[in-house]
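Working notes, beginning with the structure itself.
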Amino acid sequence: MTELKNDRFLRALARQPVDKTPVWMMRQAGRYLPEYRQVRAQAGDFMSLCKNTELACEVTLQPLERFDMDAAILFSDILTIPDAMGLGLYFAEGEGPKFRKTVRTEADVDQLQVINTASDLGYVTDAVSMIRRELNGRVPLIGFSGSPWTLATYMIEGQSSRDFMRAKTMLYTQPEVLHQLLEKLSLSVIDYLNAQILAGAQVVQIFDTWGGALSHNAYLEFSLAYMKKIVDGLIKHADGRDVPVILFTKGGGHWLETMADTGCDCLGLDWTVDIGAAKSRVGRKVALQGNMDPAVLRSDREGIESEVKTILKSFGSGQGHIFNLGHGITPDINPDNVKIFIDAVHQFSGSN
């Protein structure tokens, strides 16, 4: 086991004292970086980049060369599982992810097989192993997956959606079919994340990007219940350390208490939640990650530093805060402003 040179992130996840609040960004390896755009152009397209072990490793490490990040996150996509199930993932320029096949009937669900990561998604675990090796203990490595509900929305709609008309129609007219789909996705995610852990991921995050689109009862039944199943099925200890789990539901501020009851170690917060209020609700049970609006990065030094200070003050004293954005960084952001943000978190957090 390579000794970690910077374990600030893991200590915060375990709600242990840290010298400075750790910070990383969702989508930190991405289009806002000119060096990323160069490698993506070299790869030819997004999925070719994901499936090229060396290039996926290279772009994962790029943000660490520019910024004082406290964690690296695997460069991949949440839709690798539906792609491995045979739906034919592709990315249309300017339109986001799309699938050549959709899942809209019971027969469609019956045809889907639970994935075997070793045979179906070996390029992901190969990348995890290479990244972990290249990091050489510099910072911890995060693996991830989409949540079953979020994956299901893309599979049913065939692409991203604003109203989730087809997915919600299935939920309310054929709930048993949706449950069958979510069950297969849950088993696939468990296999996928455990394979990432065995390949070297030291933390895993479940991205429930579209959980906030659900009603209260539907969220508990069709999203959170399956994330709890995943948490229960994950490897808890590997490489001589506990393996923490982060749950992130965008728009999930209503459900923080029940999310914390899943057995996860940390809750990711979007920017609509006051982190101090969230801490008073669940902070003794789990760590909290977040939660600056990515749009703040379009501001100047004064605006960025002011918002960092506001969030740090809201969280207050005590352990268990990982600073992050409330969602992924957008492609238009100036990398210079990212450096201001990262440095500000470390400068103004101090000992806590």
Side-chain angles (χ1 to χ4, degrees), residues 26-27 46 50 73-74 76-85 87 89 91 96-99 101-104 108-109 112 114-115 121 124 142-172 175 177-193 196 204-231 233-234 245-255 258-259 262 264 267-270 272 289-290 325-328:
M26 290 184 276
R27 285 200 211 117
F46 179 79
C50 289
I73 182 165
L74 162 71
S76 188
D77 192 84
I78 64 168
L79 299 178
T80 51
I81 287 177
D83 185 48
M85 287 177 156
L87 298 194
L89 174 65
F91 286 79
K98 293 190 173 186
F99 286 111
K101 292 173 60 179
T102 55
V103 178
R104 293 179 183 169
D108 292 338
V109 175
L112 297 174
V114 173
I115 67 157
L121 288 169
V124 176
I142 305 165
F144 70 91
S145 173
S147 72
W149 163 251
T150 291
L151 299 180
T153 64
Y154 286 99
M155 296 167 75
I156 297 165
E157 304 289 341
Q159 59 187 12
S160 188
S161 173
R162 293 190 177 188
D163 58 10
F164 307 101
M165 181 186 75
R166 291 184 175 92
K168 286 192 172 185
T169 297
M170 182 184 286
L171 188 154
Y172 290 113
V177 175
L178 182 55
H179 277 304
Q180 289 169 24
L181 174 58
L182 294 169
E183 178 70 18
K184 288 186 175 183
L185 286 168
S186 297
L187 295 174
S188 295
V189 170
I190 290 169
D191 186 85
Y192 186 52
L193 290 178
Q196 291 183 42
V204 291
Q205 175 157 323
I206 302 170
F207 285 88
D208 186 31
T209 311
W210 300 124
L214 292 168
S215 71
H216 175 73
N217 289 334
Y219 175 76
L220 298 181
E221 180 179 351
F222 292 93
S223 183
L224 191 63
Y226 290 96
M227 290 195 288
K228 181 177 186 341
K229 179 184 180 72
I230 292 164
V231 173
L234 291 180
V245 183
I246 305 168
L247 291 190
F248 173 68
T249 293
K250 186 183 178 193
H254 310 294
W255 303 297
T258 47
M259 289 173 71
T262 60
C264 69
L267 297 180
L269 307 175
D270 68 18
T272 65
Q289 178 174 278
L325 304 178
H327 200 244

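For Arg27, the side chain to side chain contact (heavy atoms under 4.5 Å, CB included) test picks out His327, Ile329, with sequence neighbours left out.
Across all their heavy atoms, Asp77 and Cys50 have their closest contact at N-SG, 4.4 Å. Here the closest non-hydrogen pair linking Leu325 and Gly328 is CD1-C, 4.4 Å. Between Ser76 and Phe46 the shortest heavy-atom distance is O-CZ, 4.1 Å. When all heavy atoms are compared, the tightest approach of Gly251 to His254 is O-CD2, 4.1 Å. Considering every non-hydrogen atom in both Ile115 and Met85, the closest pair reads CG2-CG, 3.8 Å. Nearest heavy atom pair, residue Leu181 against residue Ala152, reads CD2-CB, 3.8 Å.
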Are Phe248 and Gln289 close enough, and set up right, to give a side-chain contact (heavy atoms from CB on, under 4.5 Å), and what steps lead you there?
-> CA-CA 9 Å; Phe248 173 68; Gln289 178 174 278; 5.8 Å; no

Worked check of side-chain contact (heavy atoms from CB on, under 4.5 Å) between Val177 and Met170 | CA-CA 8 Å; Val177 175; Met170 182 184 286; 4.2 Å; yes

Start with the C-alpha distance between Ile81 and Leu121, add both sets of side-chain angles, then the distance that settles side-chain contact (heavy atoms from CB on, under 4.5 Å), and finish with yes or no.
-> CA-CA 8 Å; Ile81 287 177; Leu121 288 169; 4.2 Å; yes

Can you list the steps and then say if Ile230 with Leu193 is a side-chain contact (heavy atoms from CB on, under 4.5 Å)?
-> CA-CA 9 Å; Ile230 292 164; Leu193 290 178; 4.2 Å; yes

Take Tyr226 and Trp149 through the test ring-ring contact (aromatic ring centres under 6.0 Å, His included) and record every step on the way to the result.
-> CA-CA 8 Å; Tyr226 290 96; Trp149 163 251; over 10 Å; no

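With hydrogens and angles left out, the side-chain atoms of Trp210 and Tyr154 include a donor and acceptor closer than 3.5 Å. In the model, Ser147 has a side-chain atom that pairs as donor or acceptor with a side-chain atom of Thr150 under 3.5 Å.
How far CD of Glu221 is from OG of Ser215: 9.5 Å, rounded to the nearest 0.5 Å. Between the CG atom of Leu79 and the NZ atom of Lys98 there is a distance of 13.5 Å, given to the nearest 0.5 Å. With rounding to the nearest 0.5 angstrom, the CG atom of Leu87 is 6.0 Å from the CG atom of Leu112. A distance of 11.5 Å separates CG of Leu171 from OG1 of Thr153, quoted to the nearest 0.5 Å. Interatomic distance, Cys264 SG to Leu234 CG, rounded to the nearest 0.5 Å: 11.0 Å. Summarising the geometry, atom CG belonging to Leu185 is positioned 11.0 Å from atom CD1 belonging to Ile190; distances are rounded to the nearest 0.5 Å.
For the pair Gln205 (side chain) and Ile142 (backbone), a donor-acceptor distance under 3.5 Å is absent. Panel note: side chain Lys229, backbone Leu187; no donor-acceptor pair is recorded below 3.5 Å. In this structure, Ser188 contributes its side chain and Lys184 its backbone to a donor-acceptor pair below 3.5 Å.
Contact check for Val231 versus Leu247: side-chain heavy atoms found under the 4.5 Å cut-off. Counting heavy atoms from C-beta on, the side chains of Gln196 and Leu74 come closer than 4.5 Å. Residues Leu220 and Trp255 meet the side-chain proximity criterion, which asks for heavy atoms closer than 4.5 Å. Contact annotation: the side chain of Val114 never approaches that of Asp191 to less than 4.5 Å [non-hydrogen atoms, C-beta and beyond]. The closest side-chain heavy-atom distance from Leu89 to Pro97 is below 4.5 Å. A 4.5 Å side-chain heavy-atom check between Val103 and Val109 finds at least one atom pair inside the cut-off. A heavy-atom distance below 4.5 Å is not found between the side chains of Arg166 and Thr102. Leu214 has its side chain within reach of Ser223: a pair of non-hydrogen atoms, C-beta onward, lies under 4.5 Å apart.
Between Thr249 and the options Thr209, Asp270, Asp208, a side chain to side chain donor-acceptor pair (under 3.5 Å) holds for only Asp208.
For His179 and Phe222, the gap between ring centers is short of 6.0 Å.
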